[in-house]
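Worksheet: the structure to be examined is printed underneath.
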Amino acid sequence: MIEPKRIVKHEFPVHLPSTMKLLKNITLPNDLRLLKPNELPQLAQELREFIIDIIAVKEGHLGASLGVVELTIALHYVFNTPIDKLIWDVGHQAYGHKILTGRKEIFDTNRQFGGISGFPNRFESEYDNFGTGHSSTAISAILGMAIAAKLKGNFTRNHIAVVGDASIASGMAFEGLNHAGVTDANILVILNDNAIGIDPSVGALKRYLTNVKKGTAKDENIFECLNFQYSGPIDGHDIASLTKELERLKFVSGPKLLHIITTKGKGLKKAEENQVIYHAPGRFDRLTGELHEKSKEAKPPKYQDVFGHTLVELAKKNKRIVGITPAMPTGSSLKFMMEEIPERAFDVGIAEQHAVTLSAGMAAEGLVPFCNIYSTFLQRAYDQIIHDVALQNLPVIFCLDRAGLVGQDGATHHGVYDMAYLGCIPNLIIFTPMNEVELRNIMYTAQLGLDRPIAIRYPRGRGVLAQWQAPFEKIVIGVSRELKKGTKIAVLSVGNIGNRVVEIIKELNAPEKVGHYDMRFIKPIDKEQLIRIFNHYEHIITIEDGCKTGGFGSSVLEFANEMCYFNPVDILGIKDSFIEHGTTEELHKLAKIDSISIRKHINKIINVH
């Protein structure tokens with residue numbers, strides 16, 4: 001059982017400027033409902049300024065929440081929340097909602113370690129009716145709540161799902177619409193149409209919604225055909241029109257859909273002009289919106305950029321290479337291929353299942369698909385990995401960005417389960433590069449031609465090498481690397497965390513006793529190397545930035561059991577619990593895979609030996 005979330009107090013009280021005369025008196029929606037309708041536009045201005053002031057310093061998702069300020073106020077003004085149920089899809093547009101529902105005074109702890117979550121969280125507030133870190137779940141969830149209300153004899157409660165135009169194009173959202181349309185459930189889907197998710201929305205539905213806004217759509221309305229009572233489109237920044245329409249819909253029974261038009265980043269000129277950058281811009285000037293200048297000091301590249309540039313380099317020589325991403329061309333850096341070779345790079349929208357099976361179909365026809373999906377989002381396509389790729393042994397190349405602990409996006413976004421959920425699938429290779437050169441080389445090796453699919457997992461953030469564009473070298477599948485020979489203790493690492501181990505060993509009490517092995521392949525694991533390790537060393541330590549249950553360390557234990565080795569094996573990794581948000585440094589410390597914890601663990605064993 002998960003305990004209710006404990007929120008730490010902020011370092012300093014949040015002081016609202018004297019100009020925020022209305023917002024300072026609002027703690028909960030009941031306070032909001034005391035305002036006169038003609039005061040709501042002023043409140044919207046104050047709320048927007050408050051969000052900008054905090055995010056300019058503390059960072060976080062900006063554009064999405066600025067775009068729904070008027071809608072947020074109107075919803076809590078008209079509906080009796082939290083008795084009436086409200087779900088935000090995706091949850092990064094819920095900052096205004098959090099501020100108006102009892103978290104104004106601690107909003108500066110947003111996404112900070114021990115602070116409030118950047119997404120709705122059921123354990124944080126009774127107003128957060130459903131957690132929505134991943135997209136397209138709200139219609140199914142709100143329909144479930146509406147059906148539950150009826151079964152319990154409540155026929156008057158309202159159920160509202162706010163869904164973005166990028167989210168509603170996902171398969172799961174359509175499944176929810178399809179079911180809801182044949183019920184008499186009292187639900188209201190609000191389509192927040194701003195033509196962009198993190199990157200611009202894509203696909204035929206986007207074109208249809210654009211035609212609806214222009215008044216050039218065909219006579220039949222797609223949502224009315226699904227048996228929803230459709231209204232709109234209306235201006236999502238006209239708070240008077242919003243409240244009037246919501247008041248009307250509150251008393252209309254059955255499934256309803258309100259189509260509103262909003263501008264992502266509304267109220268901050270820079271955010272309106274550059275909606276991709278200002279989705280989560282980092283620190284910026286709260287008055288001008290100008291981004292704070294980042295250090296010009298030369299740094300290693302981000303892993304995502306190594307992937308993006310390497311893919312273009314390989315694709316220029318190998319005409320069979322194609323790139324696929326579900327709605328993350330900027331985050332994955334597939335944008336580089338989309339810019340240079342657009343006919344072979346595909347953003348399929350928020351559609352992970354489709355992305356995987358599309359890749360499988362391409363592989364079946366002899367293409368070389370690089371399917372780039374964040375580790376946490378690949379969870380949404382598990383059956384497709386098994387049934388459509390691995391079972392048919394199709395050589396799809398999965399590139400799992402954001403593997404490991406990702407930081408302030410928190411539990412919904414950590415990529416800590418992929419080694420466990422992929423490790424049990426037959427035919428699948430799993431590789432974890434220690435640095436940028438290793439990432440390039442495995443991409444090069446994979447596109448030369450494999451007889452089975454491969455998953456390449458790499459972390460968020462920067463690598464470790466300034467000179468990373470070395471000539472390509474082919475990697476032998478299933479072969480690890482001995483980085484340092486020791487006498488008593490062997491440290492087996494996988495992935496980027498191995499660079500930390502290299503530095504830790506230099507600082508140990510007796511570094512000569514410790515050997516270090518970059519195992520690289522989770523599957524097939526290098527059994528020949530493991531035999532040498534277990535025969536030579538007295539004590540084994542495995543280190544991974546993933547869950548311990550079913551992960552890399554578990555594979556080593558399974559091998560030891562199979563071979564009847566009795567050497568003690570310590571597994572360092574993520575325990576069997578969900579890790580919340582904070583900086584990656586804070587979370588590594590929490591999981592005891594930071595430098596201090598690892599060094600202390602190894603020194604303790606050295607002292608025993």
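- Of the possible polar contacts, none joining the S125 side chain to the K98 backbone as a donor-acceptor pair under 3.5 Å is found.
- Within a 6.0 Å sphere centred on CD1 of I596, heavy atoms belonging to other residues, nucleotides or ligands number 12 at most.
- The structure places OG1 of T376 at 9.5 Å from CG of D409, a figure rounded to the nearest 0.5 Å.
- Counting heavy atoms from C-beta outward, F130 and N121 have side chains that stay 4.5 Å or more apart.
- Within the structure, the ring pair (Phe, Tyr, Trp, His ring centres under 6.0 Å) test picks out the following pairs touching residues 378-397 (sequence neighbours left out): Y382-Y421.
- Residue pairs that meet the side chain to side chain donor-acceptor pair (under 3.5 Å) test with at least one member in residues 447-456, sequence neighbours left out, are N318-Q447.
- For the side chain to side chain contact (heavy atoms under 4.5 Å, CB included) test with I430, the passing option among I456, I454, L422 is L422; the others fail.
- Here the side chain of H581 pairs a donor or acceptor atom with the backbone of I116 at under 3.5 angstrom.
- Within the 3.5 Å criterion, the main-chain N or O of R283 finds no donor-acceptor partner in the side chain of K58.
- Note on K484 versus D518: no salt bridge recorded, every NZ/NE/NH1/NH2 to OD/OE distance being 4.0 Å or above.
- Judged by distance alone, the side chains of D576 and T549 never bring a donor and an acceptor atom under 3.5 Å apart.
- No donor-acceptor pair closer than 3.5 Å links the side chain of T109 to the backbone N or O of Q112.
- In terms of modelled atom types and a separation under 3.5 Å, the side chain of H414 and the main chain of I579 share a donor-acceptor contact.
- A heavy-atom distance below 4.5 Å is not found between the side chains of T432 and M519.
- Under the 30°/60° scheme for interplanar angles, the aromatic rings of Y517 and Y537 are found to stand perpendicular.
- Considering only residues two or more places apart in sequence or on other chains, K527 meets the salt bridge (Lys or Arg N to Asp or Glu O under 4.0 Å) condition with E562.
- A donor and an acceptor atom, one from each side chain of S597 and D594, are located under 3.5 Å apart.
- Scanning for ring-ring contact (aromatic ring centres under 6.0 Å, His included) contacts around F377 gives H134, Y374, H413, with sequence neighbours left out.
- A side-chain N or O of Y95 and one of N110 form a donor-acceptor pair less than 3.5 Å apart.
- Between the side chain of T325 and the backbone N or O of L334 there is no donor-acceptor pair closer than 3.5 Å.
- Here R111 does not pair with E59 in a salt bridge; the nearest charged N to carboxylate O distance is not below 4.0 Å.
- For Q93 (side chain) and W88 (main-chain N/O), no donor-acceptor pair under 3.5 Å exists by modelled atom type.
- Annotation: N535, atom CG; neighbour count of heavy atoms from other residues, nucleotides and ligands within 6.0 Å is above 12.
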Distance-only check: which donor-acceptor pairs under 3.5 Å involve side-chain atoms of residues 464-480, not counting sequence neighbours?
unit_1, atom_1, unit_2, atom_2, d
S480, OG, D526, OD2, 2.8
S480, OG, Q529, NE2, 3.1

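- Pairs passing the ring pair (Phe, Tyr, Trp, His ring centres under 6.0 Å) check and including a residue from residues 478-507, sequence neighbours excluded, do not occur.
- The six-membered or imidazole ring of F119 lies near that of H61, with a centre-to-centre distance under 6.0 Å.
- In this structure, the side chain of S332 does not engage the main chain of N372 through any donor-acceptor pair within 3.5 Å.
- Note that NE2 of H354 is 8.5 Å distant from OG of S359, once rounded to the nearest 0.5 Å.
- Under the 4.0 Å criterion applied to side-chain N and carboxylate O atoms, E503 and K506 are assigned as salt-bridge partners.
- A donor-acceptor pair under 3.5 Å is absent between the side-chain atoms of H539 and the main chain of V491, judged by distance alone.
- Side-chain atoms of N427 come within 3.5 Å of backbone N or O of A390 as a donor-acceptor pair.
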